[in-house]
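See structure below.
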Amino acid sequence: MRQREYMEMALRIAFERMGITSPNPPVGTVIVKNDAIIATGGTRPCGSCHAEVEAIEAAGGGSRGADMYVSLEPCSHYGKTPPCTEAIIQAGIRRVFIPALDPNPLVSGRGVAELKETGTEVIFMEDMAESAVDLIRPFKKNILRHRPFVISKSAVTLDGRIATRNGDSKWISSEYSRYLTHKLRSKADAVIVGKNTFVRDNPSLNVRLESFDDAVHGYFRERPPAMSGRDNFLLRSLMSVELKEVHMPLRVVIGLPENIDRGANLFADGNYLFFERKDVAGRLMASRSSKREFDSLNLHLVDAASPAEEIRAITEELSRQGIMFALLEGGGRLAGSFFDAGEIDQFLYIIAPKIAGDGIPSLAGTGIDAIGDSLVLRDVSVIPVKDDVIVNGYREPYHFEMM
């Protein structure tokens with residue numbers, strides 16, 4: 001039996017669809033008949049068909065009596081599309097293999113129950129569950145808490161600095177590590193920086209895989225680095241899967257600079273947002289010249305009495321705009337504000353063998369008084385990439401719902 005191979009394929013399809021499905025989860029489906037693949041499918045952009053329906057349509061009527069491998073429990077409720085369970089039953093699928101239940105309270109367990117009630121056998125592949133949940137952590141937070149899942153990504157020196165004392169940061173990590181972070185950007189719905197990073201670095205915040213030479217691409221294609229700790233499916237896929245399509249994330253700047261250069265790289269197109277508190281924005285736009293300057297910005301104002309309330313208000317607004325998965329890239333004070341607000345879910349640190357001696361810390365929050373009060377990361381993975389070392393961990397483990 002090649003059950004694990006088929007589910008791996010479904011998970012790879014789900015990974016490939018990351019970045020275009022939000023606020024729906026990325027899901028992959030493989031339909032097998034007589035031990036041969038007859039169709040595959042992946043979740044399309046929100047409002048279009050889900051992975052199961054795409055695969056059933058691709059099978060063209062050949063699904064009766066077949067097995068379906070799907071990376072997440074099929075939905076059983078009406079939303080923008082009809083239930084996938086209904087399509088599966090009508091197609092005459094004999095068995096459905098899943099690795100994880102849907103965390104959506106409208107679905108969790110109900111999709112399985114509906115399939116079983118109509119005689120469809122459901123097989124839970126528990127050994128593939130950890131791989132599956134690495135792709136749906138953002139969906140789980142967004143569906144339960146209505147805020148995006150946030151990765152704090154930092155390239156740091158061995159002594160924990162993201163820049164020198166005068167702000168220079170190019171480049172701490174190697175081009176091999178930067179290549180991976182560009183691939184990660186393609187899977188995120190948004191990339192977030194603070195106003196100081198916007199002014200100092202003039203970042204593009206887009207995906208530029210073509211800017212890396214063949215040696216970098218070949219390094220991962222020929223022999224992806226080994227991973228210790230948790231065998232994280234998302235990170236493993238970033239290293240081993242060549243992206244067929246590149247998704248450009250929304251570019252988000254938190255804070256309004258007093259002077260904005262409209263020739264900055266951020267303004268290459270309209271795919272950006274600025275956030276600022278109403279009281280601060282009011283002061284900045286008090287003069288006529290400032291008002292003219294800011295009127296044309298994609299600006300969202302938030303009411304907040306504290307930095308933590310500001311971060312929560314911003315993340316709630318991003319969720320309302322369909323942002324499910326966000327990559328926090330700079331700088332240290334902004335990361336500290338997100339951390340203090342409890343809004344960082346995943347920490348990805350690229351540690352380079354360099355010593356700064358002094359400089360800007362990766363996370364400048366309020367801090368703690370005792371090491372015993374430190375946040376202990378869960379599901380930790382460690383990956384050597386050339387001379388760099390990537391350390392990845394989560395604020396909390398994924399809690400599985402079992403069949």
Side-chain angles (χ1 to χ4, degrees), residues 3 6-7 10-11 13-14 17-18 21-32 39-57 59 63-147 149 233 319 322 324-325 396-403:
Q3 294 174 354
Y6 297 138
M7 185 58 73
L11 288 166
I13 294 169
R17 296 297 172 96
M18 283 186 75
T21 68
S22 297
N24 291 333
V27 178
T29 299
V30 175
I31 298 178
V32 177
T40 63
T43 305
R44 294 178 184 172
C46 185
S48 302
C49 67
H50 294 183
E52 299 93 322
V53 174
E54 185 177 77
I56 288 169
E57 290 179 351
S63 298
R64 189 159 300 279
D67 293 337
M68 173 179 281
Y69 293 79
V70 57
S71 64
L72 186 65
E73 176 187 15
C75 69
S76 56
H77 67 293
Y78 280 87
K80 293 186 177 180
T81 59
C84 290
T85 51
E86 185 178 287
I88 292 169
I89 293 164
Q90 291 177 353
I93 297 291
R94 180 173 65 103
R95 296 188 300 180
V96 175
F97 293 78
I98 64 169
L101 296 183
D102 192 325
N104 185 349
L106 294 176
V107 179
S108 190
R110 292 178 174 85
V112 170
E114 186 171 318
L115 291 171
K116 287 182 174 180
E117 286 172 3
T118 59
T120 306
E121 185 179 0
V122 180
I123 299 171
F124 187 67
M125 297 182 66
E126 187 174 348
D127 61 327
M128 303 293 288
E130 287 195 357
S131 294
V133 301
D134 287 335
L135 302 180
I136 62 169
R137 291 176 192 257
F139 174 69
K140 181 178 182 180
K141 181 186 179 184
N142 196 51
I143 199 69
L144 296 180
R145 294 181 54 197
H146 308 293
R147 290 201 280 272
F149 184 94
F233 188 84
S319 178
M324 183 172 73
F325 185 22
E396 55 189 43
Y398 191 99
H399 296 291
F400 293 90
E401 297 293 334
M402 308 300 287
M403 284 176 56

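- Of the inter-residue distances, the one linking Thr118 atom OG1 with Ile89 atom CD1 reads 3.5 Å to the nearest 0.5 angstrom.
- Remark: Leu115 CG to Thr85 OG1 distance equals 6.0 Å, nearest 0.5 Å.
- Note: Tyr69 and Phe97 have parallel aromatic rings, judged against thresholds of 30 and 60 degrees for the angle between ring planes.
- Within the 4.5 Å cutoff, the side chain of Leu144 has heavy atoms near those of the Pro105 side chain.
- No side-chain heavy atom of Met324 sits less than 4.5 Å from a side-chain heavy atom of Lys141.
- Closest non-hydrogen pair, Ala39 versus Ala59, comes out as CB-N, 3.6 Å.
- The minimum heavy-atom distance linking Cys49 with Val53 is given by the pair CB-CG1, 3.9 Å.
- Summarising the geometry of Ala129 relative to Pro99, their closest heavy-atom pair is CB-O, 3.2 Å, with the distance given to 0.1 Å.
- Atom OG1 in Thr29 sits 9.5 Å away from atom CD1 in Ile93 (nearest 0.5 Å).
- Contact annotation: the side chain of Asn104 approaches that of Phe139 to within less than 4.5 Å [non-hydrogen atoms, C-beta and beyond].
- The shortest side-chain heavy-atom distance between Arg95 and Ile123 falls under the 4.5 Å cut-off.
- To the nearest 0.5 angstrom, Ile143 atom CD1 is 11.5 Å from Ser108 atom OG.
- Contact annotation: the side chain of Lys140 never approaches that of Val133 to less than 4.5 Å [non-hydrogen atoms, C-beta and beyond].
- Under 3.5 Å, the side chains of Ser76 and Glu114 contain no donor-acceptor pair of N or O atoms.
- Counting only heavy atoms from C-beta outward, the side chains of Leu106 and Cys75 never approach each other to under 4.5 Å.
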Under the side chain to side chain contact (heavy atoms under 4.5 Å, CB included) rule, what do Met68 and Ile56 come out as? Steps first, then yes or no, please.
-> CA-CA 9 Å; Met68 173 179 281; Ile56 288 169; 3.9 Å; yes
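- Summarising the geometry, atom CE belonging to Met128 is positioned 13.0 Å from atom CD1 belonging to Ile98; distances are rounded to the nearest 0.5 Å.
- Within the 3.5 Å criterion, the main-chain N or O of His146 finds a donor-acceptor partner in the side chain of Ser319.
- Listed for the Ser63 side chain is no donor-acceptor partner under 3.5 Å among the backbone atoms of Ala66.
- Closest heavy-atom contact between Met7 and Val70: CE-O, 3.6 Å.
- In this structure, the side chains of Ser71 and Leu135 stay at 4.5 Å or more apart for every pair of heavy atoms.
- When side chains are defined from C-beta on, Asp134 counts as touching Arg137, because their heavy atoms get closer than 4.5 Å.
- With hydrogens and angles disregarded, no donor-acceptor distance shorter than 3.5 Å links the side chain of Glu73 to the backbone of Leu101.
- Note that CE of Met125 and OG of Ser131 are 10.0 Å apart. Values are rounded to the nearest 0.5 Å.
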